[in-house]
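Heads up, the thing below is written out as structure tokens.
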Amino acid sequence: MKKQWRLVSLVSLLALLLGGCGKAFQSTLIPQGEAAKMQYDLLILSTSIMVLVVLVVTAIFLYVIVRFRQRKGQENVIPKQVEGSHKLEVIWTVIPILLLLVLAVPTVTYTFKLADVSAANKKTLDEGTSVVDVTARLYWWEFAYKGEKIITSQDLVIPAGKKVYLNLKGADIKHSFWVPSLAGKMDTNPDNANQMWIQADKAGTYNGFCAELCGPSHALMQFKVRVLNESEYKDWVAAMQKQDGKSVAASVQDGQKVFQQSCAGCHAVDAKDARPAAARIAPNLANFGDRDMVAGIADNTEENVKKWLKDPESMKPGNLMTNKYGKLSDQQIDALAAYLESLKLGQ
Ligand code: CUA
């Protein structure tokens with residue numbers, strides 16, 4: 001009895017744990033857009049076929065074991081031999097061929113659909129085609145919106161219901177772009193651009209990850225995909241295009257001074273940052289106050305910003321900001337944090 005209880009509690013604990021995996025903002029099993037849905041359908045189709053094969057083979061196996069076991073008094077009876085039976089040979093050749101066809105047709109069809117990025121490769125993009133250059137760096141993400149001519153870091157903002165084409169590159173080493181509920185992962189390589197498209201059905205925030213082991217903070221190399229309704233997206237783009245980080249409230253001008261002395265060499269607060277991609281070595285902070293997260297992993301509060309500025313290494317080991325900006329006094333850090341949080345679009 002005791003043993004049974006142990007088993008029951010173990011199974012329920014497992015069920016509880018696995019239940020926690022199913023969140024719409026980051027589960028492959030709860031797809032939130034066209035690409036993810038196609039991949040999910042293939043997953044279900046292939047798993048179902050495999051389970052069916054296992055069940056049928058197991059059933060036949062068990063039947064044979066029981067039906068043809070040696071029985072008392074019949075030790076010398078040999079059942080009818082079926083070697084070379086044409087009927088059986090045909091059956092077990094045709095069934096796997098049919099199963100493979102059922103698997104192959106949708107797989108090949110979807111593979112071509114998912115790989116179709118031709119709209120992003122036209123010399124002049126069609127009106128309304130969204131293309132974003134994604135650059136992965138140790139340990140953060142940059143998104144450059146081609147048509148809109150703006151840049152964000154850590155938050156990829158896209159309109160709902162629309163295909164968004166991504167050109168993926170790694171600036172230093174190999175990383176991998178993954179937003180589980182919107183599409184399968186794809187590598188970001190330093191020497192070639194990979195392309196994919198994503199699409200989200202409805203507004204919301206989806207979690208993104210680096211899916212290629214890239215160093216001590218690989219697991220902390222996270223980002224968000226913020227999906228806005230079409231009209232909200234247009235407003236957001238217009239506001240970003242105006243965001244130059246210059247005009248700030250009098251109360252945060254001290255922080256702005258610290259920023260210009262210690263941070264502006266690497267970080268831009270101008271959303272249209274005109275520097276070439278290779279020169280943009282640190283995250284663009286134009287809409288920092290609007291982000292959900294600090295460093296991609298901690299809630300965006302002034303407390304966490306200060307913690308990050310004081311000792312980035314303690315939050316993200318191996319990051320490239322550590323020791324880059326000299327020692328700041330507590331007063332400077334307070335001012336800087338207030339200034340950074342004020343960088344909002346005011347939407
Ligand atoms: Cu970047 Cu793992």
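Just so it is clear, the model here is predicted, and its values are computed rather than measured. Hydrogens, waters and symmetry mates play no part in the numbers below; they use all other heavy atoms, side chains included. Just so you know, ligand 1 is whichever comes first in the structure, and atom 1 is the first atom listed for that ligand. For this chain, numbers begin at 1 and follow the sequence in order.
Ring geometry for Phe68 versus Tyr63: interplanar angle over 60°, hence perpendicular rather than tilted (30 to 60°). A tilted orientation is assigned to the rings of Phe223 and Phe143, their planes being inclined by 30° to 60°.
Distances from atom 2 (Cu) of ligand 1 to the N/O/S atoms of Glu212 are shortest for O. The atom of His218 nearest to atom 2 (Cu) of ligand 1 is ND1, with the search restricted to N, O or S atoms.
Heavy-atom minimum distance, Gln154 versus Lys316: NE2-NZ, 4.2 Å.
With atom 1 (Cu) of ligand 1 as the vertex, ND1 (His175) and SG (Cys214) define an angle of 100°, rounded to 10°.
Here Ser176 fails the criterion, with no N, O or S atom under 2.8 Å of atom 1 (Cu) of ligand 1.
A donor-acceptor pair under 3.5 Å is formed between the side chain of His218 and the backbone N or O of Glu212.
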